[in-house]
Amino acid sequence: MAGTSVAEQRWLQAAREFARRAFPDGEGPSGTEPPLLDVVLRRLRDVGGGDLPLGYSFISISDLLHQQRMPCCSHLTWSTNEFKDWAQQGQGALPMQDALPRAYLILVAYLTDGRQENKEKLVDGCLYVKDNTGIIPCELLHLELEWLGALFLFPSWSYIPQTDKSAAGYVEILVDPVPVNLLKEVPDTIPVSFPASAKPLLTSRIPCKRRSKLTVAGELARRGPLLCIRHKSFFFLFLKCLISAVWVPVLVQKPNQLAWHHSLQLGQRYTITGLSISSLKKSGQRIFVTGVSSCLLPYCAEQVGEQPLDNACQGESTQSSSLETAEQLSDSLELGVEEKRTGSTRDSKIISYVGTVTKILNVQAGLFLLDDKVCLCLAYQQLLSSARGLRPGACVELIDVHLLQKPLVSFPFVVLGACLSSTIVLKSFSRLSIPYQARASSGNLYLQLLFRYNLDMSLYLWLVSLLEGFEERFSCFFGRRRLLHSSKHQNPGAAEKFLVPLLQAAVPDREEARDIYDEILAKAHQCPLQKYLTMTPPCQVPSLSVICRVAVQKSWEAFSPSQLLSPLEAQHMGTQELNRRLAWSYCTLSAGSFQPRLILQGVLRVSSRSSSLQLQDKSSMLPCVISHKDGSPFAHTSLIGSLLQVESYQLVVERFFQTDFPSWEHLENLDHVREKKYSVYVQFYFEDVQVLHAPEGQIQKGLRSGSSSSLRRKHGSSLTSELETSEAKMLKLEDPKPDTHTAENCQGCQSSTGRTNCVSRLFLVTQKEGLMLRNYQLPRKEDGKGPELQCSFQATVLWLGKPRLWSCPREIGNLPELDEMDCDGEEGMTQEKALLLFMGKSLRWFPFLHLDGLYCFIVPCCSDLEVFHKLCCPPMPEKSLSRSSCPLCLPVQDTWHLQHEMWISCLPECQLAARSVLTGVEQRISSIPEVLSNGFTGSLVSFSGEIVERTLCASPKNEKPSVTAGLQKQKGILLASDHIVKLSVSVAPGSPAVVDIYIAPTYLQHLWGLLPGAKILFQNLERKVSRFHNVYCTYIASSCVSIIGLPTSYLPFSSSSAGETSPPSLVFLSNLQSHLQHLSQARILCHVSYVLTLSLQWVCSLCSSIFKEGRCTRHSPPCPSHLGVRQASARVLVEDGTGEALVLCRNQHVAAMLGLSLLDWEALQNCVQSRGSVSIQHEETTGMGCVEEPEDFIACYIRSLCRSPLICRPILLDFSLDRKPSKILQPTPLQLRNFRCGEVEFVSQVGPRLSLLCLNVEEVEQDALNYLNSERIRRTSSYC
Ligand SMILES: [Zn+2]
Ligand SMILES: [Zn+2]
């Protein structure tokens, strides 16, 4: 080798090494060059015009697989300019994409269909390039069958790795390969039958007498897609008679023949040998079937002898494949717009189309975007490998595909659906540097559901959109595969649990399987794509961020101040009161409030920061409130990390608005809403939850003892059956969030036997306090700073039994401690109390820990039974008595797992003894009448009740601005600090006993679900008595609430109280004394005696000074207000025969009490405007100086009105007790007094006058009066 340069020698050396690795016969015996390399080098010189390509290097398949991470292409003979031109042309369709970068690599490999590789492996029709180092799939546009098995030099190719870099890519062969050795000769054949004569063989019912194999020749009219059914791959091809339009189907099914699919070219003429006739089982249709020895040969006229022509068959027409251009497509699109009708079934049009792939919409679902305007759907073709070449930039020809205009309302593109009669031909490869996304052909849920439910295109596209959203939202939690895995009916995966019921509802009658043979072979075309309907989806499953956004938007659209306030009330309100009444409102949305119906999905998480339950997806999170229909609190620790689906829920949007409406007349102008804050959350019942996926790592608890399973049964009776069987009994040791701590914690925690130990201990919660900042320090903090307040909560618990050691968390059984309790009885019970302190990450147990619950702590990776004692502070002295008054404080560690076992009320009867011991220490829950009664002692109270009203009041600290105002703003507190929330809570709706609870805005941030109609357990509220002897409660730092029932019926867009629906109960004034303290609202039939005082005013809307002649009368400092508000008040004495009462009436009730019509009332108030105020006093009440000016005719008119006997009439009065009466009621001795009722006068014994607030006045008709009077007499007599 004289004259070769050093570079060339080095190159040759590398070539030899390559050949040694890559070629099967390896190195020669004496180290001589393998002859194969010589041939390869000769071919290289041929291709390169005599020179060796020294700038290129050989690459083996294995190196390509393992070293090439980016797409690349190699063109052995091209100049730089040639390459640039090529690349530039390829960018035409997608100028933003980079072209394939050029690599200088020589690929020499065998081309194979995979047959020889592995007998086990399914030969699926794919082609491969291989050498001794490996094998890799390849795609080519043109294949000659004799190429298979031969060694080639590939002058032009690109390597396309997968987007998932760990998986293998494939090779696109851009130019026909150059054979290294000479190829085998094509065998000759002569006897040929043409389709026109072959057709009768198929159509005649007489079985073919000749057993011999047939040979058929014709033009390839159609090439069906490669299909794989029950692990058998096959395809159909259709040969057309060279002279007539007759065609015959040929089934190609032998593994060695599947590669034909790549070499067949439409319109070319072929001869196929070794065919036999077979008939399909179902339809009996007869077809040609290839045999093992069948060959596909190019048709060559000289090789063929005479062919008999069957003229009878000539008349038969077949489906013609017209090749439409893009213009024709757009023509048909325009046509479609004209005849667009939704809601009715339409026929799809069959067209052909050539286009460039511009985007892969969803490779799993077989959706590709062509030319940025039409969607190609290959799903109905099953597409096994053909998607490989379909990268953006590739050109495809679609023959006989269905054109569907708008199968789904929300789908933006026209769809070209390829059915089993369509042919998809890859015309050119993409020149863009875009990796390919592999599609899983097995376990592809899109295709499985498509075929299982025989979906049409509308439903399929809807299914795709649902699955795409599902995958996008939740695969970051569970992994794509786990989420979408399908397991053929048994134990369906999360996606199937979600989708199958929807599909079954959408296609109740479409479970019959597709007859694919019929679709391919039937003379009249039939397939699922022929007819379609523009579908409006029956439901939607948007992401949580979308749900929140839409909910807020709906809530804002529904905000109507004039509906929140009755105009009768609002017109008398000053600015401050008006705006305070609008500062909080809410609206509730259900699944049906959305169009279409909205299904909620999310992973249940618990935030240790906010100590609240949340539903999460990738986009956002939504706080949630979960209740049980039986009123027990939600405590399913096992559900953490599970993917939940809820279709019945209340999505609540609480609105916290700052408004500056000057008066009620401006309520329509929403510009006065200055600041909008929303709190969005969802509440639902546990019973309405469907668990789509429970996270792995949950450990199935064994059901070991019979007694404990009976215990379970009692407890879990309200569970859905699905939960009861599996998920409910799972134990989860880790936080669902990928947690770096867990791994550390578990290191070295295994016992010497190599097993993971854990310790558990059972306890009963006897008291739970709310979240608050406490002066504890986390033990981990070492930064030496001063004590920092830590958010924490604490619970007093009673340990039950001893700690237990488990060799594996899986083995934790069901409460053996409870069995012990039974034996030991009261004496043996160790009543050991502890104060559990939850801080930091353990705050996540807050929503799960409830009073009267039996829980178990599980300390993972621990074998120390003393762990609960050792951590106590102060450390427990050896002989300390557990009954000491001061319980030990145990900080709950981050790694501990809490598991809810049951409620104490659910303990079976055999353990009643234990229960009686335990209930002795229960925290007392009072009833509302108990709380209200005078005899109640104790400052902290717990009780449950239903919220009847939620309103805002002026904060008592209104005058002096709070020091922490700045801090509050930072923390995003929703309500201005000059407001305070007042909840009126009663035992049941309509019940007279009502207690008011005041909650400062600081606590509101995490108090969800405090809405009218909700049933709430309030714990540790502070009970207070006002100076008017009214009992009320305030929410303090250690208080907490649990929602035990959701509002059943709600007025979606108002915050009005529930008491409006039914009139209050009819009572007697004399009866009121006895239950004075807790009466919210009642009604009496009474007689108006006389009007004590009456005052009509026009007051300033800002400062409440008198407003006169359009100006506020306040002068120092001057008030800028231009708005006056009309106000009226009156004190009226009424009696009902059993007692007297002083009724305070305001505003519109004054008019009703005086019996004035709205018009008269309006006129009267207008007269007051020029005067500012007019008032009168009844002369008999006081000898004090008169306020009114005697000459004022308005005053005179009012006075005469008040004296008129017309006013003294019977009325029905709805009232509440005036909780702040002007005079504190003194117990006075009973007096005898005269009363008049109509014409009747009688004497009665009366107590002191009551002070009442008028809520409503109704006139009584004579008939009604007679009835009520008789009723009254009947009832009074029964009292006497
Ligand atoms: Zn079709
Ligand atoms: Zn003023």
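Just so you know, ligand 1 is whichever comes first in the structure, and atom 1 is the first atom listed for that ligand.
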Participant: With sequence neighbours left out, write down each residue that passes side-chain contact (heavy atoms from CB on, under 4.5 Å) with R1111, or none if nothing qualifies.
Facilitator: none
Participant: Using 30° and 60° as the class boundaries, would you call the ring planes of Y460 and Y380 parallel, tilted or perpendicular?
Facilitator: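 If you compare the ring of Y460 with that of Y380, the planes turn out perpendicular.
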Participant: Side chains of T358 and D372: do they bring a donor and an acceptor to under 3.5 Å?
Facilitator: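 Note: T358 and D372 side chains meet the donor-acceptor criterion.
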Participant: Describe, in one word, how the ring planes of Y517 and F234 are oriented to each other, choosing from parallel (under 30°), tilted (30 to 60°) and perpendicular (over 60°).
Facilitator: parallel
Participant: Mind checking how many protein N/O/S atoms fall short of 2.8 Å from the Zn ion (ligand 1)?
Facilitator: 4
Participant: If we ignore angles and hydrogens, is there a donor and acceptor under 3.5 Å between the side chains of T575 and S1101?
Facilitator: yes
Participant: Quick check, are the ring centers of F661 and H672 under 6.0 angstrom apart?
Facilitator: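 Centroid distance F661-H672: below 6.0 Å, so yes.
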Participant: Applying side-chain hydrogen bond (donor to acceptor under 3.5 Å, both in side chains) to N579 and T659, what does each step give before you reach the verdict?
Facilitator: CA-CA 6 Å; N579 289 299; T659 55; 2.7 Å; yes
Participant: Per the side chain to side chain donor-acceptor pair (under 3.5 Å) rule, which among K531, H402, Q530 passes with D347?
Facilitator: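 Exactly one candidate clears the test, K531.
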Participant: Listed by chain and number, what are the salt bridge (Lys or Arg N to Asp or Glu O under 4.0 Å) partners of E1162, not counting sequence neighbours?
Facilitator: R1126
Participant: If you draw a sphere of radius 2.8 Å around the Zn ion (ligand 2), how many protein N/O/S atoms end up strictly inside it?
Facilitator: 4
